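Heavy-atom basis, side chains included; hydrogens, waters and symmetry copies ignored. Numbers restart at 1 for each chain; the letters A, B, ... are given by sequence-line order, proteins then strands. Here the structure is a predicted model, which means the values were calculated and not measured.
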There are 2 protein chains.
Amino acid sequence: MTAITSEKTVERMSLYRRLLLRLREEGHTVVFSHQLCVPAGVTPAQVRRDIMQLGCSGVPHAGYKIKELLSAIAETLDAPQSQRAVLVGVGHLGLALLTHFSGRWRWLHIHAAFDVNPAKHGAIVRGCNCYGIEELPRIVREWRVQVGIIAVPVDTAQSVATMLCEAGITGLLNFAPLRLQVPDEVYVENVDLTTSFEKVAYFARHPARLANDKSAERDAALGENQADVPG
Amino acid sequence: MTAITSEKTVERMSLYRRLLLRLREEGHTVVFSHQLCVPAGVTPAQVRRDIMQLGCSGVPHAGYKIKELLSAIAETLDAPQSQRAVLVGVGHLGLALLTHFSGRWRWLHIHAAFDVNPAKHGAIVRGCNCYGIEELPRIVREWRVQVGIIAVPVDTAQSVATMLCEAGITGLLNFAPLRLQVPDEVYVENVDLTTSFEKVAYFARHPARLANDKSAERDAALGENQADVPG
DNA sequence: GAGTGTGAAGGCCTTCACAGCT
DNA sequence: AGCTGTGAAGGCCTTCACACTC
């Protein structure tokens with residue numbers, strides 16, 4: 001409902017939701033900001049601000065109603081009708097994505113897959129129809145697909161991205177190790193494993209370089225609320 | 001050499017390097033900040049700051065020497081000797097990672113894989129020995145493994161992380177959709193596909209919500225240098 | 001003129017701190 | 001006492017703007 005302007009906020013919503021779902025399964029009905037801040041690694045104050053942005057409000061000493069938060073998050077994050085995505089590139093990574101994620105979420109359905117390998121055309125891979133790249137524009141347009149998942153080798157990624165954008169896609173999930181050039185209105189989320197590996201390798205060799213972040217997370221995990229305790 | 005304090009800087013180094021390698025292959029020997037800023041989606045000024053931090057300096061009108069930048073980045077990002085990593089969880093995702101990345105980098109070698117499934121113990125998967133979880137502590141300690149890759153289901157991820165940390169790991173690459181609780185000195189890089197999917201789905205429905213970011217990227221891509229042009 | 005090096009300024013996000021509610 | 005709601009402050013990162021160099 002309310003317009004979220006920040007990527008970070010959307011990320012946290014996603015994290016909050018997972019904790020909320022778990023708590024609900026365990027039979028809880030209310031939650032406090034100092035619990036929700038743990039999975040996101042922020043302070044209780046940040047959680048309260050985020051919840052405010054959702055339009056929910058809590059009750060001092062009684063916390064927030066889990067049910068209420070969940071529907072507010074769903075209203076914000078999830079599409080009213082199921083959104084469609086297409087996967088381009090049915091290699092090892094593409095297959096793993098299909099296996100792991102296809103059908104897992106009601107809100108984003110992988111509607112079709114594309115691959116240059118003719119052997120795969122017409123096949124049904126993990127319940128998903130596989131086509132040749134040349135059919136991409138037609139299918140994306142006909143089904144009003146909004147999201148494209150790029151799991152092709154780096155040298156073809158840009159041309160695939162361009163093709164997807166021209167077909168009317170507005171969001172890309174890019175697994176290729178480069179930054180795509182796309183029109184302004186298209187959102188790109190990069191999952192750059194090369195960078196991730198290099199980061200973890202670097203910081204594994206330079207421990208405590210980011211100690212501040214960690215300590216905040218740790219303090220929060222203790223379940224106490226030191227930020228709000230009067231000094 | 002120089003101490004990098006910022007995660008963002010490390011990420012950009014990784015991106016710069018890829019462009020530099022490509023340029024070198026194409027026969028270039030020098031590069032300008034307004035070229036390097038494109039893949040990272042920042043301004044030329046940011047690039048110059050980053051390069052300063054590397055200890056390199058350029059020549060006005062002549063740019064930076066690619067060779068020099070590459071060795072400075074390598075000296076910063078890459079381990080002096082090859083670093084070892086272990087993979088925990090040889091499911092679809094783990095297999096895709098092994099296939100895609102094992103042996104691809106000299107600087108981070110996936111030394112062993114672990115899985116609960118006894119059928120996999122003793123197997124050699126994509127050139128990588130597979131063991132039972134119970135052997136993890138011994139192998140990590142014996143080989144001084146610094147990096148752990150967690151590709152197990154969400155419900156066992158925390159216990160695996162704890163085990164890895166106790167064995168002396170200092171960096172984790174976590175593919176499970178939760179935030180791990182680890183000691184302060186351990187660095188965690190989360191690759192959270194659930195959040196990524198939710199983000200791209202959200203912003204695909206809310207185009208131009210982040211127009212500012214995009215326009216900066218676009219302007220940079222034009223190859224001009226508007227930030228530095230005197231008004 | 002064209003590009004680098006860098007102090008200063010700006011922007012975004014997060015946390016602090018405290019008033020208010022129960 | 002305990003927790004929420006929020007203005008104000010702080011911090012980190014990025015960009016601006018311009019002196020300087022070839």
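Between the CG atom of A:Asp50 and the P atom of D:dT6 there is a distance of 14 Å, rounded to whole Å. To the nearest angstrom, P of C:dC12 lies 14 Å from CD of A:Gln53. Atom pair B:Leu54:CG and C:dT6:P shows a separation of 14 Å (rounding to whole Å applied). As a whole-Å value, the separation of A:Gln35 CD from D:dG2 P is 15 Å. Regarding A:Lys8, its NZ atom lies at a distance of 10 Å from the C1' atom of D:dC13, rounded to whole Å. Between the CD atom of A:Gln46 and the C1' atom of D:dG10 there is a distance of 14 Å, rounded to whole Å. When rounded to the nearest whole Å, the span between CD1 of A:Ile51 and C1' of D:dC3 equals 12 Å. In this structure, A:Phe32 places its CZ atom 19 Å from P of C:dC21, rounding to the nearest Å.
Side-chain nitrogen and oxygen atoms of A:Arg48 include none within less than 4.0 Å of the OP1 or OP2 phosphate oxygen of D:dG5. Checking the phosphate oxygens (OP1, OP2) of C:dC13, no side-chain nitrogen or oxygen of A:Arg12 falls inside 4.0 Å. OP1 or OP2 of D:dT14 has not a single side-chain nitrogen or oxygen of B:Thr43 nearer than 4.0 Å.
With distances taken from any side-chain atom of B:Ser33 to the nucleotides D:dC3, D:dT6, C:dT4, the minimum falls on C:dT4. Here the side chain of A:Pro60 is nearest to one of C:dC16, D:dT15, C:dC21, namely C:dC21. In the set C:dC16, D:dT15, C:dG3, the nucleotide with an atom closest to the side chain of B:Val42 is D:dT15.
Note on A:Ser57: only backbone sugar-phosphate atoms sit closer than 4.0 angstrom, heavy atoms only; bases stay farther off.
B:Arg18 pairs by the side-chain contact (heavy atoms from CB on, under 4.5 Å) definition with A:Pro177, A:Asp192, A:Thr194, A:Thr195, B:Ser14, B:Leu15, not counting sequence neighbours. In this view, B:Glu68 satisfies the side-chain hydrogen bond (donor to acceptor under 3.5 Å, both in side chains) rule with no residue, not counting sequence neighbours.
For a distance-only test at 3.5 Å, the side chain of B:Arg49 qualifies as a donor-acceptor partner of the base of D:dT15.
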Go through the steps to decide whether B:Arg205 and A:Gln146 satisfy the test side-chain hydrogen bond (donor to acceptor under 3.5 Å, both in side chains), and finish with yes or no. CA-CA 8 Å; B:Arg205 269 180 294 125; A:Gln146 288 192 310; 5.1 Å; no
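With a 6.0 Å radius and a threshold of 12 heavy atoms from other residues, nucleotides or ligands, A:Glu26 has its CD atom above the threshold.
Side chain of B:Gln46 to backbone of B:Thr43: no donor-acceptor contact under 3.5 angstrom is found.
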